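Numbering of ligands and ligand atoms starts at 1, following listing order. One-based numbering along the sequence shown. Computed from a predicted model, the values in this text were never measured in an experiment.
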Amino acid sequence: MKKMRFALAAGTGLLLLIINSCGSGPESSAVEPKIILTPAPSANVRINGAKIFGVRPGSPFLFKIPATGKKPLKYEVLNLPEGLACNPETGMITGTLNSSGKFMTTVRVTNELGKAEREFSIVCGDDLALTPHMGWNSWYVWENHVTDRIMRDAADAMVSSGMIDHGYMYVNIDDCWSVKPGSADSTLMGEERDKNGMINANGRFPDMKALTDYIHSKGLKAGIYTSPGVLTCGGYAAAYGNEEKDVARYVEWGYDFLKYDWCSYSKIGRTDLLSDLQKPYILISELLKKQNRDIVLNLCQYGMGDVWKWGRKIGGQSWRTAGDLGGSFEGIGKALFRDGFDVYSSDSLHLYAGPGGWNDPDYLLLGYLSNWKGETVPTPLTPNEQYTHVSLWSIVAAPLIFSGDIARMDDFTLSLLTNDEIIDVDQDPLGKPGYRVSRDGDLEVWKRDLEDGSIAVGLFNRGETETEVTALWSDLGISGKQKLRDLWRQLDLGSFDGKYSASVGRHGTVMLRMWPEK
Ligand code: GAL
């Protein structure tokens, strides 16, 4: 059956590249080849990533236009509001907007083969993160070994891999950049704060400002992490009692994103009191709002107190909806279905997220990850599970933050991260997260409404054998003939009425987009 499906795809004229089988996952994955479905990038220009971007009045603006196509590319933005300028060679839009408003611009990117144009809205106001964040985070591959060099290499790799041209933007340090009290490691020792009470970075980060300057020089944004307690989860100096100074420090250093954890705050606040759960996040978000710099706030308190119901109200731009997806390396596959599918459905999380505030089921655990035993090894997810991971995250409008080794990706991993039609679903400007419309044992159908009136549909098979999954129009809330496209393969499937069925592999996914036929 599986073979038949590959043959079918190959028969359509699509080039399928079969790489060596993974071999590291559960038994059944040993026979599951890594098949690249994402077509190779075209030489023609395509403008990718977010179509809408939020900024606060008076904050420095930085947005690099993501576009693919044969280089060199020339970038232009028509109707750019006063205060902003676009560099035609780099595609970086920079400057400052002083007054609120929605500015409709047209981005035009040209190369020797032609040009592409697309609308790009800049919304100057209170809201940031009008689409889910896209980027990279150091935690799952580098955990407590992260350094300045690693972060610079990550920024370089974001550019050299082309991820930046598909909309990836944030390069985020996780835990372990501050001093670790009591550590015997000379690179982690030292004064936690300077004489003015400003937090110090540890010896692995000799110059934070130079680091963010480097990241920004590539058109990327920089992220940092801390906890509201005395110590971070890893036992490093954190923010408790110094929140105002720490926020000032992040601004001085030039950070654009803050992940605010929980951990040792349990010694200060009670987890069974909503007011205690909210208090540190209210404090930090109020401080962040006062700055002349846009710092996106990611709440990382594992979903306690149904954070999705209040995360946005108290000023968060995203909130973790569950514990660590990769807390147990061997358990990532199980966690994907539990924290991804089940938490999301049982709590109807789609009702709470949208432009400016997103559910965050944790990072994309693809490529090489730490196994928490001192080694960096391939993800235990099978190839099908990896497709399921990225597909589900896009359907539910989750941040696409890759946390494997960005400097060591194979073509398969890169193809999972850079399928522009999948990314278009994640970044859809309507910002309406998808949800499950039907479940029949192990088979699930999910749907997401998109801005142009089409819908994205995920056919998921959580079972152990390849099975046919059917999407019924009645479940999807649509009627009449629909034009269907397979999003991973970027291939039109034709016109269908009433239902669509596809064979879906073990733990796998078929991602579709459906437009009503006129
Ligand atoms: C956890 C958090 C992880 C990572 C880790 C660092 O609490 O969920 O994503 O940040 O702390 O110690």
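Of the heavy atoms in K259, only side-chain atoms (C-beta onward) come closer than 4.0 Å to ligand 1. At a 4.0 Å heavy-atom cut-off, ligand 1 does not touch W262 at all. Residue contacts with ligand 1 for C300 involve side-chain atoms from C-beta outward but no N, CA, C or O (heavy atoms, distance under 4.0 Å).
Applying the 4.0 Å criterion to heavy atoms of Y302 picks out, from ligand 1, the atoms 7 (O), 8 (O). Taking every non-hydrogen atom of G234 and a distance limit under 4.0 Å, the qualifying atoms of ligand 1 come out as 12 (O). If you number the atoms of ligand 1 from 1 as listed, the ones under 4.0 Å from a heavy atom of Y225 come out as 6 (C), 10 (O), 11 (O), 12 (O).
A side chain to side chain contact (heavy atoms under 4.5 Å, CB included) with L381 is found for exactly one of L364, T388, L336, namely L336.
Between W446 and Y344, the angle of the ring planes lies from 30° to 60°, which puts this pair in the tilted group. In this pair, W139 and W372 present their aromatic rings tilted. The plane angle is within the 30 to 60° band.
Of the listed options D175, D360, D362, D174, D174 places a heavy atom closest to atom 4 (C) of ligand 1.
In terms of protein heavy-atom proximity, atom 8 (O) of ligand 1 is nearest to D324 OD1, 2.5 Å. In this structure, the protein non-hydrogen atom closest to atom 1 (C) of ligand 1 is D261 OD2, 3.2 Å.
Any N or O atom pair closer than 3.5 Å counts here, and Y363 shares no such pair with ligand 1.
Closest approach of E243 to Y260, counting heavy atoms only: CG-OH, 3.7 Å. In plain terms, the two heavy atoms of R249 and I199 that are nearest each other are NE-O, 2.7 Å.
Under the 6.0 Å cut-off for aromatic ring centres, F460 and F341 qualify, their centroids lying closer than that. The aromatic ring centres of Y255 and Y170 sit 6.0 Å or more apart.
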